[in-house]
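Each remark here refers to the structure printed beneath this line.
Each ligand, and each atom within it, is numbered from 1 in the order the structure gives.
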Amino acid sequence: MRILYSARMDNRPALPPEIARRRTFAIISHPDAGKTTLTEKFLLFGGAIQMAGQVRAKVEARRTRSDFMQMEKDRGISVSASAMSFDFKNFRFNLVDTPGHSDFSEDTYRTLTAVDAAVMVIDGAKGVESQTRKLFEVCRLRDLPILTFCNKMDRESRDTFEIIDEIQENLAIDVTPASWPIGVGREFLGCYDLLRDRLELIDRADRNRVAESIAIDGLDDPKIAEHVPPHLLEKLREEVEMARELLPALDPQAVLEGHMTPIWFGSAINSFGVRELMEGIGTYGPEPQVQKAQPREIAPEEGKVAGFVFKVQANMDPKHRDRVAFVRMASGHFERGMKLTHVRTKKTMAISNPVLFLASDRELADEAWAGDIIGIPNHGQLRIGDTLTEGELLRVAGIPSFAPELLQTCRAGDPMKAKHLDKALSQFAEEGAAKVFKPTFGSGFIVGVVGALQFEVLASRIEMEYGLPVRFEPSQFTSARWMAGDKAAVDAFAAKNKQHVATDNDGDLVYLTRMQWDIDRVERDHPEIRLTATKEMM
Ligand code: G4P
């Protein structure tokens, strides 16, 4: 079998084939651009589902299961992220789903720490939209390679050059066309594959089928006229000539470094362009990458297993209080039943029932390689940022926690139930759904989130999952900062300013205030103390 994958980004040794064939990525897009539809077609071509419609049907079934999920549906947001694995040609794809709504940016950010690349989906009529831009910026912080899919070409869409220009200008990244659309809207016939000189034509009769590709010998091959009417052919020739002159040619290294994005045009709903995109992810997308960690980096080819938790989802099944920690394998070959060291607590955990996520079913994972995502059911031992290894005390770095932008006081409807509230809130803090601060002075809890909608989501989850009605009320504070620097100075400051100090769920000290001015003043008056808006979860 021909090996499609490209050279590695650096001069590291070749990866074992099982690892080298893995592509772990997320889709970033603005709501409605077609992420769900594209995911479904990935699974269809990946053989994970038999018929398009299954994923959506399952999503619908899940959404209607409860009031909380109903709220998700009404608001058109997806709160829960999951991971899906499937094979395509000789690649193993691991697709990590990112929540789409801007209120959940922290969760999204952490999800993006677990992938090696992103597929950016844009709507051909709308171009780069706000949420795409935000997510793109997050990818840029990590220099993630990005492959672009311009969707909905079967509808009236913008001029191809205009779309490419908009991406280049708006996102400051070089764009190279991997395919070129022939006609738009009702006249959309398919694409000319610029990488392989092939015609790919859309099959409008069956949305789940793709027509055979037609090999041609360049745009001057007379065979092309059998498939493309003269007016479209003339336009195609002109545009391709211009594109080759004006736009940069595909440079695989620049793609891997995140400076260039190849763009494919298609129509996810018609399954068109999806296969070429998948081949593109395989060929130009990165293999599992080296993971930053302390005190040393973790390379995927290392013989020993290491992995880190980037997401915790609690109460996936309301009947069992289970939590699933989503672990990105950073190195080695994991086998079910392995005993791994939980580095934060230095305890050993036997991983006896790890799960893989195939489409939306869970399946027991007998093995996993660097690059894979597995779910580990647990009772709260595993937290976001935790590292699991075969004994070495390594800690994966770079999984951030952000200072919340909104703070409110949370009280139990029934004061006798404050203990239960403590438990519920600390669970949500561990899941990463909110920051929970316990003031050192006075009672109650201060809950911090990034978007206002999260207070509503929390209130309804606490009521649903713990049977505990709660109230969120305005807090006297508006900002929270972690306190770092000289420990003695921090402790002395905390003892003197009890009414402004709280502890977070890990017991770390936090300074609460109403004004940025206060933060500046503390830093000026106490140069040995740093007030930080992010904390690395370790
Ligand atoms: P999202 O996850 O990014 O939010 O988008 P989703 O896939 O749900 O797609 C949003 C809408 O766009 C859906 O229509 C979907 O059918 C449609 N769509 C996706 N890909 C294409 C495409 O290639 N061409 C066209 N014309 N439409 C596309 P909807 O009306 O909201 O849902 P439905 O009634 O079709 O299920």
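- The closest approach between a heavy atom of Asn270 and any atom of ligand 1 is not below 4.0 Å.
- The pair Lys311-Glu431 does not meet the salt-bridge criterion, since no charged nitrogen lies less than 4.0 angstrom from a carboxylate oxygen.
- Here salt bridge (Lys or Arg N to Asp or Glu O under 4.0 Å) pairs that include residues 143-155, with residues two or more places apart or in two chains, are Asp123-Lys152.
- Under 4.0 Å is where a charged nitrogen must lie from a carboxylate oxygen, and between Glu239 and Lys235 at least one such pair does.
- Glu156 is linked by a side-chain hydrogen bond (donor to acceptor under 3.5 Å, both in side chains) to nothing, counting only residues two or more places apart in sequence or in another chain.
- Set against the non-hydrogen atoms of Lys35, the atoms of ligand 1 under 4.0 Å away are 1 (P), 2 (O), 3 (O), 5 (O), 7 (O).
- When Asn151, Thr37, Val274, Asp32 are checked for heavy-atom proximity to atom 11 (C) of ligand 1, Asp32 turns out nearest.
- Ligand 1 places these atoms under 4.0 Å from at least one heavy atom of Arg155: 26 (N), 27 (N).
- Inter-residue side-chain proximity for Glu18 and Arg21 is flagged as met; some heavy-atom pair is nearer than 4.5 Å.
- In terms of N/O distances under 3.5 Å, ligand 1 is not approached by Leu38.
- Below 3.5 Å of separation, one finds no N or O of Pro31 facing any N or O of ligand 1.
- Residue-to-ligand polar distances keep Gly266 apart from ligand 1: every N/O pair is separated by 3.5 Å or more.
- Close contacts of ligand 1 with Ser267, meaning ligand atoms under 4.0 Å from a residue heavy atom, involve 22 (C), 23 (O), 24 (N).
- Inter-residue side-chain proximity for Asp116 and Pro288 is flagged as met; some heavy-atom pair is nearer than 4.5 Å.
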